[in-house]
Every structure is written in C-alpha cells, then in structure tokens.
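Data block below; observations after.
Each chain gets a letter, A, B and so on, in the order its sequence line appears, and its residues count up from 1. Because the structure is a prediction, the values reported are computed rather than measured. Just the heavy atoms: all of them, side chains too, but no hydrogens, waters or symmetry mates, feed the values below.
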Amino acid sequence: MRLATWNVNSIRARVDRIVDFAVREHIDVLAMQEIKCKSEQFPFDRFEEAGFHVEAYGFSQWNGVAIASREPLTNVRTAFPGMPGFEKGHNGPDAPQEARAIGATIGGVEVWSLYVPNGRSLGDPHYFYKLDWLSALSQYTSDSLAGNPDLALALVGDFNIAPTDADNGDPAVVPGFSTHVSPPEREAFAALEAAGLQDVVRPLIPTGYTYWDYKRLKFPRNEGMRIDFILGSHAVSEAVTGATIHRNERKGEAPSDHVPVVVDLDLEGPDDDDRPMIF
DNA sequence: ATGCCTTGGTCACCAAGA
C-alpha cells in the first residue's frame, strides 16, 4: 500500500493537480486536509473517474478532511472519541466539533486524516483547544493500542507542530513567541509517540520541510517547516519500505502551501498467505 | 514578531492560515 497525506488548501482550487499526482505516483490511499468545502461540494467525480473511492467531511469554507482510496473504505468516522470542539473563541466540552478528522479502515489499516488546530497564538483560546485536541488524540491512540497491540493504526496529516528546531526553517516563527514550536506543543507530539506511534518518515528522510508560507518568497529561500507527518503503530512502522516528501509539488501553477508526504507499506495479510512460493 | 500571499464567502472587505 502506498499511503500519502497532503494538506491541499482547497480541493476545488487545485483538483487537477491533486488527482494527477495521485495517478502519476500510484497512490493507493490519499489523506487530504483543508479541503475548504462542504462534503457535498467535494469533486467526487474527478476522483472516481481516476479509480478512487472518496469519503469527505466538511461543513464550511474552513478546515475539512477527506480520504481517497483505491480500495473501498469501511468503518468511516468523522471524529475520534473525546475529540473536543471549538466555537467563537472558547473551547470546552459544550463547543461543537469541527471538521478536522476522518477515519476509515482500508486494507486492514485504520487510517485517520487529521487537521490539527493551528493554535493562532500562544495563550489564545485556540492554542488551548489545540493542546486539548492533541491530548484527546493521544488518549484515543493509547486506548486503541491497549485493546489491540497489533492494530495497524496510521495517524496522518497536518499536525501543525515542528517537533524539533531543525523542523523550523522560518525565521518568522520565533521560539517563545510563536505557535508550532512551543514546549507544550512539542510535548503533545511526544505524547503521541509515547502512546505507541512512530514518525515512519523520519528514519528514512531525516531532514526537509513539508510546508512553506506563500508570503515573502519562503519557498525560493527554503524557509519552510516540517509539520506534516505519517505516524504509525508497530504493525505499520515495521511494514515501511520507502518514503518520499514530494517537494516539487510546491512548484508550478497554483500550488498548495504544503506538499505530499508518502510511505510504502508492505503489509502482512491473507493475500500473502495465499500467494504461491516462487524461488 | 508583523504587512507581506491565498482562499472562500459576501457584496469591497474580512477571517483564517502557521
């Protein structure tokens, strides 16, 4: 299985290049974030013509997530248990949930396309919402893996955290003043790893960014950030055979400000047992 | 430590992104 994640920054503004990429790169599962449309506005036809099933979840011009897959998606969910909401500057258990998570089981893998809240600024209600949201995600991860340690679980998407200083190449993002690099955010990312997940791209691609701001020639200057990740449980991480960060997708006409991150998985399954042994 | 881009909605600006 070739699994990809991409914050597309509006699916309708660039559906051509996204479908072209998925076909050209033989993507089996494409998790998308920031589709920026309602579910019913998603260009399903374009993906279906190219041989994909799609589940999309959005209800305004903000946020929105989707998964396109060559194989059918089962057990589709539009929030993980305990996922907090946010509304008009306050968070809490009473606030409505946003369209930031969609999960499905595909080829034996539980895949979640996640758009972690931005945080806006240190101390903003949105910042505490971000930390609460990540805490609930860690809890869901540890609960799931406690129930089934062999579960193939992949949390992929835009985590809006640069886990190390080397992941922040943007001088406008200043430790002590900016979100994405604060200790509590980095601790929230570490908590996901402590819950049983591994960044499966990092061992193969130790450095490099996945996002460059549109403003001020950030891409030509290579002042980007690594904030998009593929986190996998043990069953996923041991199946990884390759990874690519498609930096070229930041070039050309009307790019997203993020690029796709891709892993190849050689998963154990019933098909393997049925396959004849040939030497 | 921000104005700069880019998108979408609503009606010439504004919110939001990170």
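Among the atoms of the strands shown, none is found under 4.0 Å from any heavy atom of A:Arg221. Contacts of A:Asp158 with the nucleic acid, taken as non-hydrogen atoms under 4.0 Å apart, involve only primed sugar atoms and P, OP1 or OP2.
When the P atom of B:dG17 is taken as reference, atom NZ of A:Lys130 falls 10 Å away, rounded to whole Å. When the P atom of B:dA1 is taken as reference, atom NE2 of A:His180 falls 18 Å away, rounded to whole Å. Distance, A:Asn63 CG to B:dA15 C1': 12 Å, rounded to whole Å. Across the protein-nucleic acid pair, A:Trp212 atom CH2 and B:dG17 atom P stand 21 Å apart, rounded to whole Å. In this structure, the CD atom of A:Glu87 is 12 Å from the P atom of B:dA16, given to the nearest Å. One interatomic measurement links the two molecules: CZ of A:Phe159 to P of B:dG17, which rounds to 17 Å at whole-angstrom precision. To the nearest angstrom, C1' of B:dA1 lies 18 Å from CZ of A:Arg120.
Only the C1' atoms considered, B:dT10 is 12 Å distant from B:dA15, to the nearest whole Å. Here, B:dC4 and B:dC14 have their P atoms 12 Å apart, quoted to the whole Å. Taking atom C1' on both nucleotides, B:dA16 is separated from B:dG3 by 16 Å, rounded to a whole Å.
Aromatic rings from A:Trp133 and A:Phe86 are positioned such that their centres are separated by 6.0 Å or more. Aromatic rings from A:Phe219 and A:Tyr214 are positioned such that their centres are separated by 6.0 Å or more.
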Going 5' to 3' through nucleotides 5-13 of chain B, assign each nucleotide B (protein heavy atom under 4.0 Å from a base atom), S (under 4.0 Å only from sugar-phosphate atoms) or - (no protein heavy atom that close). BSSSS----
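Checking A:Glu34 against A:Ser10 by side-chain atom types alone, no donor-acceptor pair falls below 3.5 Å. Side-chain contact check for A:Ser256 and A:Asn9: no donor-acceptor pair (N or O, by modelled atom type) lies under 3.5 Å.
Under the 30°/60° scheme for interplanar angles, the aromatic rings of A:Phe42 and A:Phe44 are found to be tilted.
By the 4.0 Å N-to-carboxylate-O rule, A:Asp28 lies too far from A:Arg2 to be salt-bridged with it. Using a 4.0 Å cut-off between a side-chain N of Lys or Arg and a carboxylate O of Asp or Glu, A:Asp16 and A:Arg46 qualify as a salt bridge.
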